[in-house]
Amino acid sequence: MSTGEGAGAAGTGPMESGAAGTGPVDTGSVLLHATDVGKRFGGIAALTDVNLVVNTHEVVGLVGPNGAGKTTFFNCLLGILRPDSGIVTFRGIDISRMPTHKRARMGIGRTFQRLELFTGMTVREHLLVTERSRRGTGSLWKDLLNQGGPTDDEHAAAQETIDLVGLGAEADKPVESLSLGRNRIVELARALQLRPSLLLLDEPSSGLDRKETHALVDVLHGIQQSQGTAVLLVEHDLEMVVRAVSRLYVLDLGRLLTSGPVEEVMADPNVREAYLGSMAETLSPTRGDS
Amino acid sequence: MEDLLVYIVRGFPAGCVYGLVAMAIVLTYKTSGVFNLAFGAQAYVAAAVFYKLGKEHDWPIGVAAALAVLVVSPLLALGLEYFIFRHMRTQPLVVKLVAALGLLTALPEITKLWFGKEIKNLPPSVAPSPDRLYKITDRVTITQDRLVTVIASLLVFAALTALFRYTVLGLRMRAITESPRMVELAGVNANMVSRVAWTLSGFLAGLAGVLFAHTEPQLRPDNYTGLLIVSIAAAAFGLFKSIPRTLAGGMIIAIVGGQMIPGWLGVERTITSYIRPSFPFLMLFAILVFVPGIRQSRETTDPLAGVDPPPPALAASYRDAQLDRLTRKILFPAFIAAVLYLVLFLLPGLWVSRVTEGVCLAVIFLSITVLTGLSGQLSLAQSVFAGAGAFTVGQLSERYGWNPLIGLLFGALIAAAAGALVALPAMRLGGLYLAVATFALALLAQNALYGRDWVGGFAGQVDIPRPKAFGIDFGEDKPFFVLCAVILTLLSYAVIFVRRGSTGRFLFAMRGSETAAAASAINPVKYKLIVFAFSSFIAGVGGALLGMYQGVASTGFEGQSIFSPFYGLVFVVLVVTLGVRTIQGAIVAAMSFVLFPLLLEWLKLPIEFSLILFGFGAITFARHPEGIMEANTRKSVLRAAENKANPRLARKRRLIAWAMMCAIAVPVLVRSATRDAGATELNVGFTVLPIECGTAWEAYTDFDPEGVDAAQRPALHSACKTEARKHFTHTSGIKLWDYGGAWKALFLFLFGFLRFSPSLIDGRRQGGRPSDESGEQVPGPTDREEVSV
């Protein structure tokens, strides 16, 4: 990318290079750290003291039965919901009080379980808008002077993302005309357009058939390899989780049940009882790295 | 202690009436998702029937009341449901709201055609001897009329509560709120349930209308609009769902706001006269903004809403390249040139003046295009922002002698600041609640600010001079028209540029999904602030221009002023009905608002027809929520595409189109050639031609028109008109419409050409969509191939 201003004014941290990186560098440093995050809705405790760490360039899974609080946790991470307690740091900066758009500009991209698209826009327009907001160069004054249209630079950046995720054929179609599976890719592309150092993916495979899921995993792998983006993946499709992640967190009823490397977690009897049930037995924890 | 009892007894009946209307609102809102602002009008219709039969036809009061409440009002509600709102159940809230607003303005006017236009004094009461007093304590008494109100209302409350709590029907009504389609999947006939709810709400509205009638000295529709807004505050207190809380809300407004606070402050004091009428609006606004329960209801959406097809793209984007070029490069400039030529060189003074007024209004309407068209928000306070602009110019030039053009800029900035202030609740509210909150603010502004000397002037009006600048005196009509047209053009381009630029695109993204927009690094708060401020700025400019045009801005407490909140409603209905996403929509809306009365005059129809037609426009809108203009464009674009596919059809259509164009143009031409043109065309009447006619009147009669005996008036009037025409022709050197027939024919022909142009194109070239900037061709999307092949 030609521009260097990946993150906005708020905290262009030391990890700047991670955003436009060229392949895996060190996987040691902590990227996202959630400490004792809690959230209540009225009388219901949706989240209780959840702790979670994502390191740079790492793919981490977050699983749990429906209603375990996974999406709520995502919303807390991105500031769409304000947690009642706990601290979230990103690249060492406390972002607990930061509004959503600033967190996004710092480099957290996200997809949604229920599609949240900009209805009426084409795929390319989605990316152009996101590119503009990432750069933070839009202003009313420029618009008034008819200088607000997409620049060549932005077109190039959008095209790059389109090529990356393979949406070339659909790039100029309105998103309403695309299938659910393709729209999930559009959401992914939009999140990637932020040049994130962390991607939060909320059940990206729900509603997809097996083939589409495989394609999605391939795209994710490609991105992780080429850009070194860390991923936090919420997913019900255990096969996909096993294929994609290195570490796993299990959430149940708003509490963290356990966490650790995939094999250990899958073997944990508590986890089997709470969530995996008989499924785990049929699904042997063999990690396919392809 | 006894004071308290006095307040309660005095306020209780009014509270009951507020509660009744509020329940009607809640009932239909909950069962059909329609926030029916037309209830004010429905209550008025019931009251009018009651008045007409009970007082003018001397029916027994009980029978008249029963007919109004039990038959007319429920049937009316049922009719509205059947013909209008049934089709809108799955439409966006804004669509339903606008349709209801259209009815709110149209229904009273339709009623008046039968009911009569004259003032209706002293409406009757349902009670047999309404003024008979009943003693509660030694000092506290209640009239029979009020007692009847209280008893009837309480019975209805009890029955409704029982219905919702204990019956299957009540359960179904509650279920339908969440998702009508889900309920249908569960085997319930949602249409039926919705109809029952509407009938019931009609009964409630009718009851409230009849009970309320006696409490006011006159029976006027605007009393009922006021009743409606106050009742919305009560409904908001019940969070738009709880019936007991709704009733309590009504009581609080009537007892605390209507009796206690004025009692404590002192009824005679000025501050009371501000606070008393403002109380319900303050309460409404505070509830909307600060009560979390209301805000959360924004989140509840129909779980099956996903099955609706998405709104289609603007028709212009389907347009084939040839038609597009023709429209952009030839037809549009030709049309503008024709209009300019007509206004500057041909039209008589009156028409120039009305067109200028239309241009000023178009600027105000442009603010609605920005706010509603770009961001999807609905503000009902645009007329008040326009007022901010107008009053500022007036005050600055009157008090400090500022040049009105600088004053205009200043006024627009003040309006923008006010808009940004309104945007603060918009951060938390959306859709319906924002619309209601802005209306509350508008009414608040009218009640609390317009009356101040430093806003609305001493006598309720501020003089606004027209500017002199660049060596031009804009006091003359034509230079002023040019000034307004230039400003309109500049602002239109500003709006187009903003729509294309980051702001417009971000707002469009936020419309699609605000959450996703924020997650894509767009700051929703900032852009909501920007769009509100920008829109109010434009409204302020428009208001200032309109003020200059009128020479005066009045506060118009009886709803007469164009800057009163009522017109804020009319504006939104008009613009949204005609097309809120395009600039043309705003301009056509403004022109029709101004020229329609003239056209009606020409057709010799009563002036009320214009408001009625606006109401019916709202009904058409039910079928074309994208706006009538947009629907027409779409139709014509589709037609062009069909023509391309089918040359035979195209030939047939071409023939018909030419025939139609000739059919409208030729008779006018012939008529104008075969008779004395000027003789009948000046039928605009004494009231519309004040300057020219007034001078002629003086020349002709030399005495006060009011002094003329009524029987002689028509004769004098027509003599005056003839005289006025002569006088005007004499002084201006222009013969009024002398060769107007020919021009009208040409104009109609041009209009016909615009209308039928798609049928005239056989376009053999391959279609495509020109991209915005470079004009290069990009192939149309495949899913639209059925359109473009």
Side-chain angles (χ1 to χ4, degrees), chain A residues 7-8 75 78-80 99-112 114-122 125-150 169-170 172-178 187 190-191 193-194 200, chain B residues 292 296 301 303 306 308-314 317 376 490-491 493-527 529-531 533-534 537 581 769 771-774 778-784:
Chain A
N75 285 341
L78 205 58
I80 294 167
T100 304
H101 68 275
K102 283 196 180 162
R103 301 189 200 202
R105 206 169 286 172
M106 277 183 78
I108 306 180
R110 137 160 222 195
T111 68
F112 297 85
R114 230 176 96 172
L115 283 181
E116 294 276 355
L117 286 161
F118 304 149
T119 342
M121 285 192 184
T122 66
E125 282 163 349
H126 271 78
L127 303 183
L128 287 172
V129 159
T130 311
E131 179 67 16
R132 172 64 55 87
S133 68
R134 178 183 78 82
R135 294 177 184 215
T137 52
S139 88
L140 183 66
W141 311 116
K142 276 190 198 166
D143 293 346
L144 286 173
L145 299 170
N146 201 13
Q147 302 296 309
E170 294 101 333
D172 291 302
K173 285 187 187 174
V175 287
E176 303 91 71
S177 67
L178 304 184
E187 276 207 344
R190 184 179 61 192
Q193 195 67 51
L194 287 168
L200 307 178
Chain B
Q296 275 155 13
T301 46
D308 287 326
L314 275 180
S317 62
L490 285 178
L491 287 175
Y493 274 102
V495 172
I496 292 173
F497 291 158
V498 166
R499 186 163 64 196
R500 260 187 225 163
S502 342
T503 310
R505 291 185 292 146
F506 286 174
L507 287 169
F508 195 62
M510 281 159 57
R511 250 180 116 162
S513 162
E514 198 171 314
T515 317
S520 304
I522 295 170
N523 182 351
V525 176
K526 179 178 159 192
Y527 284 95
L529 267 177
I530 285 183
V531 75
F534 183 48
F537 180 88
R581 284 161 81 188
R769 184 160 61 139
S771 79
D772 253 352
E773 259 73 41
S774 55
V778 290
T782 43
D783 61 320
R784 290 170 186 163

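In what follows, chains are A, B, ... by sequence order, proteins preceding strands, each numbered from 1. Since the model is a prediction, treat every value here as computed from it, not as a measurement. Computation of the quantities below employed the complete heavy-atom set of this structure, encompassing side-chain atoms and omitting hydrogens, waters and symmetry-equivalent molecules.
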*For A/Leu200, does its backbone N or O pair with a side-chain atom of A/Arg110 as donor and acceptor, under 3.5 Å?*
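Flag not set: sc A/Arg110 to bb A/Leu200 has no pair under 3.5 Å.
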
*Which one of B/Pro524, B/Ala509, B/Ala494, B/Gly512 has the most heavy-atom pairs closer than 4.5 Å to chain A?*
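Most heavy-atom pairs within the cutoff with chain A belong to B/Ala509.
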
*With a 4.5 Å cut-off on heavy-atom pairs, point out which of B/Arg511, B/Met510, B/Arg505 contacts chain A the most.*
B/Arg505

*Part of B/Ile522 lying under 4.5 Å from any heavy atom of chain A*: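 Answer is both: backbone and side chain atoms of B/Ile522 are under 4.5 Å from chain A.
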
Largest heavy-atom contact set with chain B, pairs under 4.5 Å, which of [options]:
options	value
A/Gly138, A/Gly148, A/Gly79	A/Gly148
A/Arg190, A/His126, A/Glu116, A/Glu187	A/Glu116
A/Ser133, A/Ala104, A/Ala191, A/Gly109	A/Ser133
A/Leu78, A/Leu117, A/Ile80	A/Leu117

*Side-chain touch A/Phe118/B/Ser520, heavy atoms, less than 4.5 angstrom*: yes

*Report yes if some heavy atom in the side chain of A/Glu176 is under 4.5 Å from a heavy atom in the side chain of A/Thr119; otherwise report no.*
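Yes; the side chains approach each other to less than 4.5 Å.
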
*Would you please classify the geometry between the B/Phe506 ring and the B/Tyr527 ring as parallel, tilted or perpendicular, with 30° and 60° separating the classes?*
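Rings of B/Tyr527 and B/Phe506: perpendicular, over 60°.
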
*Structural part of A/Ser139 lying under 4.5 Å from a heavy atom of chain B*: backbone

*Only one of A/Gln147, A/Arg132, A/Arg135 passes side-chain contact (heavy atoms from CB on, under 4.5 Å) with B/Ser502; say which it is.*
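Only match with B/Ser502 under side-chain contact (heavy atoms from CB on, under 4.5 Å): A/Arg132.
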
*Rounded to the nearest 0.5 Å, how far does OH of B/Tyr493 lie from CZ of B/Arg499?*
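Rounded to the nearest 0.5 Å, the CZ-OH separation comes to 11.5 Å.
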
